[in-house]
Every structure is written in structure tokens, then in C-alpha cells.
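Shown next, in C-alpha cells, is the structure this report addresses.
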Amino acid sequence: MTDGGGGVPGAGTGSVIRHAAALSVILPGLAQILAGRRASGGFALWVWVGCLSILVLRWDVVLDAPLGPLDHRVAFVTLFAGLLGAWAWSFRALRRTPRSPQAEVTGPWWPVAESFSRSRLAVLGLVIVGTAYLVALLVPFIAPYEPGITAGFGSEGMLRPSLAHPFGTDRLARDVFTMVLYGARISLSIGLIAVAISVTIGTVLGAVSGYLGGWSDSVIMRVVDVVIAFPRLVLLIAVVALFNSSLLLIILVLGLTQWPTTTRLVRGEVLSLRERDFVQAARALGYSRARIIFRHIVPNVLAPVIVAATLGIGDMIVLEAGLSYLGLGVQGDVPSWGAMVADGQSNMLNAWWISTFAGLAIVFTVLSFNLVGDGLRDALDPHIE
Amino acid sequence: MTRYAIRRLLGAVPLILGIITVAFFVLHLAPGDPSLLYLHRNMSPESLEHVRRSMGLDDPVLIRYVKWLAGVLRGDFQYSLTLDRPALDVVLERLPNTILLSATAIGGAFVVGVLVGVFQAVRHRSPVDSFLSVVTLFFYSMPSFWLAIIMVLTFSLFARNVWDWPIWFPASGIHSPDYEFLTGFEKLLDTARHLVLPATTLALVLAAGVARYVRSSMLEVIQQDFVRTARAKGLPERTVIFKHVLRNALLPVITLLGLYLPFLFSGAVLVETVFAWPGMGLLVVEAIGRRDYPVVMAATLIFAGLVVLGNLMADLLYGLVDPRIRYD
């Protein structure tokens with residue numbers, strides 16, 4: 001991630017950067033900000049400061065983590081990976097910046113990154129998404145309370161937002177801030193894994209269908225027709241309501257009903273790629289069909305697939321929120337965002353904070369994914385200007 | 001074109017058969033038993049067995065599937081397991097409500113969405129365009145149920161109780177309690193008032209998608225040679241935009257219409273739930289909860305039929321407005 005706005009550091013800024021190099025041992029990312037690459041430096045600094053303050057403020061929890069439950073151990077690893085990552089990232093960028101900015105122009109993704117970073121909103125979306133995933137991983141260290149634990153004996157129910165409870169408490173005296181943080185884990189993991197499933201299936205079937213043609217194409221496209229015309233929400237509700245609802249089931253159902261759009265997209269692209277020279281050449285070299293499909297064709301259709309996948313994560317999060325709003329979401333001691341909205345809905349007039357923060361969390365998470373998706377599309381698609 | 005339509009309709013038969021088959025087996029292989037609704041603590045196992053037999057639950061799934069399918073072909077969708085009425089009647093009674101909501105929402109969404117999209121494309125890269133892009137993306141990212149709650153709070157609860165606005169809209173249902181005593185025109189007005197909030201909610205979410213689509217479609221057309229020609233021969237910009245660009249940019253939007261139909265018949269579930277709108281979506285959610293299989297199956301079949309019909313109409317419409325498309 002780089003910020004195109006800053007441009008080439010002049011002779012004068014060179015010395016500033018050298019001074020900043022010393023400073024950046026303590027505050028990585030600062031040098032990049034001084035060099036004008038605000039987004040990439042800012043994110044490094046943000047991760048560094050965030051992780052460091054967690055380490056300092058919650059050191060007792062952090063020290064217990066390696067022997068604690070799985071999510072604590074994951075958070076422990078993430079915390080130090082975040083610290084080291086911010087450091088390494090900024091030193092790597094620092095080593096390059098003063099010498100020649102052109103040194104970074106490497107690889108096919110460079111123009112994409114440059115074009116992407118020109119859109120401030122897309123970069124903002126990427127920073128929010130990155131932060132959201134970090135928060136989801138670090139949740140046990142950030143949340144001020146234990147999840148699913150009732151704080152008082154009803155006397156602390158429905159408290160207004162305050163310093164002790166930044167987002168207030170709900171009817172069962174649970175801390176809403178803690179619940180929103182833990183809810184992020186459900187939404188983000190469902191979005192990511194379900195999209196990974198659907199994109200994998202969609203790309204493979206689309207490429208096979210487009211490249212091979214013939215009866216395999218007809219069969220795959222008929223299945224696509226059925227799945228697309230299926231009243232999807234009805235199927236989702238039926239499966240989730242009738243079988244025992246679990247995280248895995250919801251991920252599977254969401255992932256296994258989303259793929260046809262990717263399949264159509266990939267098939268369309270492959271149909272035009274199939275006749276291109278490099279594919280003909282690969283065929284003339286006697287490569288196997290599998291090798292041509294996966295080594296030569298699939299890499300060339302990845303651009304639209306990546307865009308569709310990013311936008312798809314937003315769709316998945318909205319769908320999952322809708323299911324849990326209907327009371328069909330993941331059952332567990334930690335409610336997901338949709339369930340929290342449904343839970344606080346009847347108290348909207350006297351305790352607006354119960355639903356509102358969960359609702360805003362959904363909106364802004366999905367908005368960020370869509371901003372990233374839009375930015376990627378503009379960067380990857382040379383169609384419009 | 002007639003031949004094409006007939007061929008498409010014939011092709012839809014296996015499609016719908018596939019959909020209802022999958023739906024049938026998902027429903028019937030799921031754990032749980034509708035007869036348990038009638039379970040009573042003084043009930044003997046024999047009488048429970050009797051209930052199960054009368055509901056046709058003691059047959060193997062495959063036999064039940066064949067029986068159900070044979071019934072459907074004769075127009076018999078079996079009786080609802082909980083409402084004591086034919087399942088098809090239960091569904092058909094809700095269908096007009098769903099169509100009223102969907103048609104209003106789709107109509108509003110396309111008008112607003114096209115206007116916003118055109119405006120943005122004309123002012124491409126201006127501050128207004130960027131601002132509207134963010135606004136449309138915001139609504140596009142908004143879960144419909146969350147927008148619905150906000151609408152209820154603002155235009156129903158607060159407007160009526162807190163701010164004392166002269167105009168507020170009912171938050172749930174389709175009729176007021178005194179509906180039966182109203183005159184014909186008042187009845188219409190009453191339904192319209194109930195329609196405002198759910199239709200606006202749905203329309204806003206859809207319009208955001210339409211606006212994004214129209215904007216990019218317009219921008220693509222604007223670059224084409226015939227637009228430059230039209231400008232070069234001195235046509236006023238208004239004519240160029242509306243006669244030359246918009247007409248071509250709207251073509252792919254018709255496909256979008258076809259894509260939105262399934263969303264509206266099943267995606268309105270959440271909006272119908274929040275507003276207690278007695279449509280098919282709400283019915284299906286309730287019926288799944290009660291394991292009322294015949295009602296769910298009848299609704300699924302009608303959903304599927306409407307979706308196939310909608311897609312066919314979109315395709316035919318596409319051919320009607322775009323002479324480059326040939327059906328062969």
C-alpha cells in the first residue's frame with residue numbers, strides 16, 4: 001500500500017528522513033508520513049501504537065494469554081505479529097524511499113496499487129477493513145469485559161453509555177462495547193470464509209465450463225440457472241431454521257449459494273480468453289487441459305474475480321446479519337450484530353444504544369468492504385478513463 | 001419471438017422442477033416433525049401415530065415426494081398443516097400484498113436510481129458526483145432491516161410522539177384497525193399510508209444499486225464514437241444525454257430488473273418482518289418456523305415461477321428495445 005499523493009522526496013526532505021529514521025525505531029511509519037506517504041505510514045503507526053498500548057495497558061491479560069484458551073493464544077500471536085509487522089514494513093519502506101522512488105516499481109500489481117491509492121476513500125476503506133480484522137483477532141485483549149457475562153444483578157441493566165461502559169449495557173447488563181467487538185469476529189469470519197468458498201467453486205466451475213464447452217458446459221450452466229433462480233433467502237432460512245444452526249453451517253450455506261454469479265462472470269471472461277494467442281501457444285506446446293486452465297487462464301481472470309469477491313464479502317455480512325436478525329444466526333453466548341439489533345429493537349426509545357452500535361458496526365464494515373471493492377474495480381478495470 | 005418465448009417457457013419446466021425438488025428434500029430431510037405441534041401430554045403413542053398418518057408423515061420421503069408432485073400436477077398443493085386450509089389458498093391470499101409492495105418499490109427505485117445515476121454521470125468527477133457516490137454506496141451497504149428500523153423510528157414513533165409532526169406513517173401492518181368501517185377512497189388512502197414506509201425502505205436500498213449501475217453504464221456509453229458524433233454535429237447537450245446516451249445506457253438496466261425480481265420476492269422477507277407486512281416473505285418465515293411444509297413448498301413454487309417469468313420478460317423486453325439482439 002502506497003500513497004501516490006506524496007511523490008518524490010526532494011533533496012531537502014532527504015535529511016529529514018534520515019533524522020526520522022532514528023525516530024522510527026520508536027514510532028515506525030513516521031518516516032513514511034514525513035516522506036508524504038501518509039496512508040501506508042499512518043497505518044503502520046496506527047497498528048504500532050494500537051498494539052503497544054494494548055501491551056502496556058492490558059499486560060496482565062497478555063501475559064496470561066499463551067496458556068489461556070485458543071482465542072487468547074491467537075490474539076497473543078497477532079499482537080506480536082502486528083508489532084513486528086509494523087516495524088518491518090516501515091523499515092523496508094524507509095530503506096527504499098530516500099534512494100530512488102522508482103526502485104519500488106516492481107511486479108504486475110504496482111500500477112494497481114498506485115491507481116488504488118489515488119482514491120482516498122478506497123484507502124480509508126482498506127484501513128478500516130484492516131483494523132477491523134486486527135480488532136477481531138485481538139478481541140480478548142481489547143474488550144473491557146468477558147463476553148456473555150452478566151455484569152450485575154439487573155441493577156446494571158440498560159445503563160447509558162459512560163466511561164465504564166462506552167456503548168452502555170443491555171437488558172441483561174452485558175457490556176454492549178464488548179458484545180460489538182466479539183460480534184465482529186462472527187461477521188468478519190463468515191464473510192471471508194464464505195466468500196473464499198464461493199469464489200473458489202465459482203472460478204473453477206466457470207473456467208472449466210468456459211474452456212471445455214460441450215456437455216460439461218451445459219451441465220454446469222443448468223445447475224447455475226437452478227441455483228440463481230432459487231429463492232435464496234428462503235433456502236437459507238429453511239436450512240438454518242431446520243438444522244441445528246452453527247457457524248460452520250451458516251458459512252457453508254452462504255458459500256454454497258453464492259458461487260453461480262462468479263461462475264457466470266468467469267465463464268464469460270474465459271470464452272474470450274480461450275481464443276487468445278497465448279492460450280493457443282500453450283495448447284500447441286501440448287500442455288494438459290488442467291494446466292492450461294489453472295496456470296494460463298485462471299490467473300488472467302483474477303482481476304474481476306477479486307473485485308466481485310471484495311464486494312461479495314459485504315453482501316455476505318449483510319445476509320448473515322439479516323439471518324441473525326430473524327433469530328436464525330449463530331447460537332452461542334456471544335450474539336452477532338444482527339441479533340443485537342433485533343434484541344434492542346423494542347427498547348429503541350428508552351435505550352437506543354443497544355441496537356444502534358451494532359447497526360452502525362454492520363453499516364460501516366460493509367461500507368468499508370464496498371469502498372475497497374469499488375477502488376479495486378476502478379484500479380483494475382481500465383474501461384473508464 | 002413467440003417461438004423463442006415458448007422455447008424458454010418449456011426450458012423453464014426442468015428449471016422449476018429442479019428448484020422444487022431441492023426445496024422438498026431440504027425441508028423433508030431436516031430434523032423435526034410437524035406432528036409434534038399437536039403433541040399433548042395425555043396423548044397415547046397410538047394417537048400420535050394416527051396424527052402422523054393423517055398428515056402423511058409415515059411414508060418414506062421419496063413416496064411423499066412423488067405423491068406431492070402428482071398432487072401439484074393436478075393443482076392440489078395439500079392442506080396447510082397448521083391453518084386447516086389449502087396451502088395454495090394461504091399463499092395466494094398473500095401474493096397481492098407482496099406484489100403491491102415489490103412493484104411500488106421497484107418502480108420508485110428505478111425512477112430515483114436512473115435520475116441519480118444520470119445526474120452523476122453528467123457531472124462526472126465533480127464534487128456532487130463524489131458526494132452522491134458516497135451516499136449511494138452508503139445506502140447500498142445498509143442492511144434493509146436496519147434502514148427499516150431507522151424509518152420506523154423517524155417517520156412513525158418520533159414523528160408522532162416526540163416531534164408532533166403533522167404527517168406520520170403507520171409502522172406496521174397493511175390496514176388500520178378501523179379499516180372495515182372506512183369508505184372506498186379512505187380504504188385506498190389507508191393502505192397507501194401503510195405502504196409508504198416499507199416501500200420507501202425497499203426502494204432506497206434498490207435505488208442505490210440502480211444508481212451505481214446506471215452511472216457506470218452511462219459513463220461507458222458517453223465515451224463511444226456516436227456520442228462524439230452527436231456532439232460534433234452540434235446537438236444540444238440535453239438531447240445528446242437523453243436521446244443518445246441514456247437510451248443506450250438503460251439497456252443493461254433491463255437485465256438488472258430481471259436480477260432484482262428474485263431479490264424482491266425473497267429479499268423483501270426482512271422488510272416484511274420489520275413492518276409486519278402480510279406478504280409472502282413473512283408467510284414463509286412463519287411457515288418454516290411451524291414446519292408447515294405444504295405452505296413453504298407452495299410458496300417456493302410460486303417464487304420460482306415468478307422469477308423464471310420475470311427473467312423471461314426481461315429478456316424479451318431487451319430484444320424489444322435493442323434491435324441488435326436476435327432470437328434464433
Side-chain angles (χ1 to χ4, degrees), chain A residues 121 125 222-223 225-244 261 311 314-315 317-323 325-328 337-338 341-342 344-345 348-349 352 355-356 358-360 362-371 373-374 377 381 383-385, chain B residues 11-12 14-16 18-19 22-23 26-27 29-32 124-125 130 133-134 137-138 140-147 149-150 152-153 157-158 161-162 212 216 219-220 222-223 259 262-263 265-270 273-274 281 284-285 288-289 291 296 299-300 303-304 306-308 311:
Chain A
L121 280 173
R222 288 297 81 74
V223 178
D225 285 343
V226 170
V227 181
I228 278 192
F230 210 95
R232 183 160 173 220
L233 208 57
V234 172
L235 179 75
L236 289 177
I237 293 170
V239 171
V240 176
L242 300 180
F243 294 88
N244 282 328
T261 38
L311 295 171
D315 290 346
I317 293 177
V318 168
L319 258 176
E320 188 277 328
L323 280 178
Y325 175 77
L326 290 174
L328 301 169
W337 289 339
V341 171
Q345 194 189 349
M348 212 51 185
L349 285 182
W352 53 268
S355 290
T356 304
L360 290 180
I362 304 172
V363 175
F364 282 104
T365 310
V366 177
L367 186 63
S368 309
F369 274 109
N370 287 342
L371 283 174
D374 273 11
R377 179 173 47 208
D381 179 13
H383 234 53
I384 295 171
E385 280 152 81
Chain B
L15 182 62
I16 291 182
I19 291 172
V22 173
V26 167
L27 279 179
L29 291 176
H124 184 43
R125 296 252 160 109
S130 327
S133 290
V134 176
L137 195 68
F138 185 73
Y140 185 74
S141 309
M142 183 99 80
S144 55
F145 65 90
W146 178 240
L147 187 61
I149 293 174
I150 293 174
V152 168
L153 275 181
L157 294 177
F158 271 90
N161 303 323
V162 183
R212 282 161 55 83
S216 62
L219 289 179
E220 218 159 287
I222 277 180
Q223 295 181 332
L259 282 177
F263 169 80
F265 290 117
S266 69
V269 168
L270 288 162
T273 310
V274 177
V284 169
V285 173
I288 290 176
R291 286 167 210 268
V296 181
T300 307
F303 275 143
L306 287 174
V307 168
V308 169
N311 280 331

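All chains are named by letter (A, B, ...) in the order of the sequence lines, taking the proteins before the strands, and each is independently numbered beginning at 1.
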Completion exercise
One option among B/Val274, B/Ile222, B/Ile150, B/Ile16 has the most heavy-atom pairs under 4.5 Å with chain A, and it is B/Val274
Exercise for the section: Side chain from CB out, backbone as N, CA, C, O: work out which of these in B/Leu137 comes under 4.5 Å of a heavy atom of chain A, or both, or neither. Expected result: both
Handout entry: salt bridge (charged side-chain N to carboxylate O under 4.0 Å, His left out) against A/Asp315, all qualifying residues, sequence neighbours excluded
Key = none
Problem - Which atom of A/Val341 lies closest to which atom of B/Phe145, heavy atoms considered - result: CG1-CE1, 3.8 Å
Problem - Residue selection (most heavy-atom pairs with chain B, distance under 4.5 Å) from A/Phe369, A/Phe243, A/Tyr325, A/Phe364 - result: A/Tyr325
Exercise for the section: Evaluate the side-chain proximity of B/Ile19 to B/Phe303: yes if any heavy-atom separation is below 4.5 Å, no if none is. Expected result: no
Problem - Side chain / backbone / both / neither for A/Leu367 at chain B, heavy atoms under 4.5 Å - result: both
Problem - Backbone N/O of A/Val363 and side chain of B/Ser141: donor-acceptor pair under 3.5 Å - result: no
Handout entry: A/Leu328 and A/Leu236, any side-chain heavy atoms less than 4.5 Å apart
Key = no
Fill in the blank from the handout: Under 4.5 Å to a heavy atom of chain A? For B/Leu15 that would be both
Exercise for the section: Taking the side chain as every heavy atom from C-beta outward, state whether B/Val284 and A/Ile237 have any pair of such atoms under 4.5 Å apart. Expected result: no
Practice task
Using non-hydrogen atoms and a 4.5 Å limit, figure out which bit of A/Leu371 sits close to chain B: side chain, backbone, both or neither.
Solution key: both
Problem - Region of B/Phe138 in contact with chain A, defined by heavy-atom distances below 4.5 Å - result: both
Completion exercise
Cut-off 4.5 Å, heavy atoms of chain B, and the answer for A/Ser368 is neither
Handout entry: Most contacts with chain B, counted as non-hydrogen pairs under 4.5 angstrom, among A/Gly314, A/Ala321, A/Ala241
Key = A/Ala321
Handout entry: B/Trp146 side chain near A/Ile362 side chain, heavy-atom distance below 4.5 Å
Key = no
Handout entry: Which portion of B/Leu27 sits near chain A, non-hydrogen atoms under 4.5 angstrom
Key = both
Handout entry: Side chain, backbone, both or neither of B/Val26 within contact of chain A (heavy atoms, under 4.5 Å)
Key = both
Handout entry: From A/Thr356 atom OG1 to A/Met348 atom CE, the distance as rounded to the nearest 0.5 Å
Key = 3.5 Å
